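Right, one structure below, let's go through it.
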There are 2 protein chains.
Amino acid sequence: MIDNFPDVSYTERVVKLKRVKTMTNRVRRTMPLLPISIVMQLTELTARQIRYYEEHELISPARTEGNKRMFSLNDVDTLLEIKEYLEQGLNMAGIKKIYNLKDQPENEKAEPKNISDAELRRILREEMQQLRSYERGGLRQGDLSRFFK
Amino acid sequence: MIDNFPDVSYTERVVKLKRVKTMTNRVRRTMPLLPISIVMQLTELTARQIRYYEEHELISPARTEGNKRMFSLNDVDTLLEIKEYLEQGLNMAGIKKIYNLKDQPENEKAEPKNISDAELRRILREEMQQLRSYERGGLRQGDLSRFFK
DNA sequence: ATTTTTATGTCAGGTAATGTAACATGTGAT
DNA sequence: ATCACATGTTACATTACCTGACATAAAAAT
């Protein structure tokens, strides 16, 4: 195996081996390796489904010269995740959303969408308008007991 | 306003005011305040839709003695979010998933689902099985040039 | 007492996900 | 070169989900 690098010094060998190793780890998951038939077996998805998910840009498999799809291991992972989400009842839009959220979790919780005080005042004013009549009925402002069991 | 707390010392007043204020901020968003007609106006959703989302447990409005729904401001917020997600094409399952993810972001990224080496070996073995015949065709092991443009 | 709002249930239509079929093209085997 | 098979593309059929529309009953408002 190490003989794949002939005519170089030992240190050069080490460098090249190291380079190959890190390359392998990083690249092997994005390399187009698998034809659709294999991916079908691995994921238990139909070709129709796989092509449909590509249509929705959830995966982007490479193509051979002959226009055949070639999938990476990352593609397979994604397809397995998609399958799981589908089994949970999500649709394409939902799955896309999930991936968007994963991409930028941004920690922009920014409070649970606090309605501004202006908005709140508007809301309550509107309701007060609707409730005006109640007041005549003797219901004191702030008495909401009738709202609860 | 401050006269709502007679017969107490100034410091006691401050404490009570503080308590009232935090109470107000925390509670006013969960208090059942709004009948469905108002919520329809605020959210521009139909009653049918609102009830459907309750059916899917995305909201849980309180009920009056007469079994009428009474919504909190949080409910309104949730409905507005639901509406936004729906406009983005999500379905009920997707929206539920989003809320689940929000509840426990757990930061359990746990690596991008690395296939174990065993798994990887299994995959490659399977493909090799499929490719056995190709080898006879003179394709050297490891020659994947045909996979790329 | 009458009218209006709300609750619940059912049916129907539109859309999304998938299956299926028809046909063209690429590719290994002979 | 030709055959057989895998894959690609496109069109139509099927199914489930979301929503509108309608019917009926109970509660609340007038």
Side-chain angles (χ1 to χ4, degrees), chain A residues 32 34-41 43-58 61-71 79 82-97 127 129-139 146-147 149, chain B residues 32 34-41 43-56 58-71 79 82-83 85-97 127 130-140 143-149:
Chain A
L34 312 169
I36 199 169
S37 54
I38 300 291
V39 175
M40 287 171 65
Q41 294 170 223
T43 61
E44 294 178 285
L45 293 168
T46 67
R48 181 73 171 82
Q49 288 176 298
I50 295 170
R51 295 189 194 112
Y52 187 70
Y53 307 148
E54 180 188 9
E55 219 176 287
H56 282 272
E57 300 181 303
L58 292 171
R63 299 286 184 132
T64 66
E65 298 171 21
N67 199 34
K68 309 297 187 208
R69 275 167 259 255
M70 293 302 296
F71 299 81
L79 286 172
I82 293 172
K83 193 186 179 193
E84 203 172 313
Y85 289 138
L86 286 170
E87 282 163 0
Q88 294 174 26
L90 302 234
N91 61 8
M92 295 301 106
I95 297 173
K96 286 181 203 173
K97 190 77 177 177
E127 171 153 15
Q129 223 166 6
Q130 295 267 345
L131 288 180
R132 262 181 321 186
S133 47
Y134 290 83
E135 295 173 10
R136 277 181 252 134
L139 189 63
R146 68 186 181 81
F147 289 157
K149 288 185 195 164
Chain B
L34 313 168
I36 199 169
S37 54
I38 300 291
V39 175
M40 288 171 65
Q41 294 169 226
T43 61
E44 294 178 286
L45 292 168
T46 68
R48 180 75 173 81
Q49 288 175 295
I50 295 169
R51 294 187 195 116
Y52 187 70
Y53 308 149
E54 180 188 8
E55 221 175 287
H56 283 271
L58 292 171
I59 53 174
S60 298
R63 298 286 184 132
T64 66
E65 297 172 22
N67 199 35
K68 306 302 183 207
R69 276 167 258 254
M70 293 301 298
F71 299 81
L79 286 171
I82 292 172
K83 193 185 179 191
Y85 289 139
L86 286 169
E87 283 163 359
Q88 294 174 26
L90 301 232
N91 60 9
M92 296 299 105
I95 298 173
K96 285 181 206 174
K97 189 76 178 176
E127 170 154 16
Q130 293 270 342
L131 288 179
R132 263 182 320 185
S133 48
Y134 291 80
E135 293 174 10
R136 275 180 254 135
L139 189 64
R140 278 168 308 159
D143 179 1
L144 297 173
S145 59
R146 68 189 178 82
F147 291 157
F148 304 91
K149 287 186 194 160

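Each chain gets a letter, A, B and so on, in the order the sequences are listed, and its residues count up from 1. All values reported here derive from a predicted model rather than from experimental measurement. Any value given below was found using the heavy atoms of this structure, including those in side chains, with hydrogens, waters and symmetry copies removed.
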| said: Taking only side-chain N and O atoms of Tyr52(B), does any of them lie within less than 4.0 angstrom of OP1 or OP2 on dC17(D)? | reply: no

| Do any N or O atoms from the side chain of Asn91(A) and from the backbone of Gly89(B) form a donor-acceptor pair under 3.5 angstrom? | yes

| task | Could you tell me the separation between the CG atom of Asn91(B) and the C1' atom of dA16(D), rounded to a whole number of Å? | result | 11 Å

| request: Return the value, rounded to whole Å, for the distance between atom CG of Leu90(B) and atom P of dA17(C). | output: 11 Å

| task | Please state how far atom NZ in Lys97(A) lies from atom P in dA16(C), giving the value in whole angstrom units. | result | 18 Å

| Taking atom P of dC18(D) as reference, at what distance in whole Å does atom CD1 of Ile82(B) sit? | 12 Å

Output one line per pair: protein atom, nucleotide atom from nucleotides 21-25 of chain D, and distance, for all N/O pairs under 3.5 Å.
unit_1  : atom_1 : unit_2   : atom_2 : d
dA21(D) : N6     : Arg48(B) : NE     : 3.3

| query | Whole Å only: how far is the NZ atom of Lys96(B) from the P atom of dC17(D)? | reply | 11 Å

| request: Check the distance between dT18(C)'s C1' and Ile95(A)'s CD1 and give it to me in whole angstrom. | output: 14 Å

Please list each protein N or O that sits under 3.5 Å from an N or O in nucleotides 3-6 of chain C, with the distance.
unit_1 : atom_1 : unit_2   : atom_2 : d
dT6(C) : OP1    : Ser37(B) : N      : 3.2
dT6(C) : OP1    : Ser37(B) : OG     : 2.8

| task | Verify the contact: side-chain N or O of Thr46(B) to OP1 or OP2 of dG20(D), cut-off strictly under 4.0 Å; return yes or no. | result | yes

| said: Measure NE2/His56(B) against P/dT19(D) and give the value in whole Å, please. | reply: 9 Å

| Check: Thr46(A) main-chain N/O paired with Gln49(A) side-chain donor or acceptor under 3.5 Å | yes

| message | Please report the distance, rounded to the nearest Å, between CG in Leu86(B) and P in dA16(C). | response | 13 Å

| field | Passing option when Leu45(A) is tested against Val39(A), Leu86(A), Ile82(A), Leu79(A) for side chain to side chain contact (heavy atoms under 4.5 Å, CB included) | value | Leu79(A)

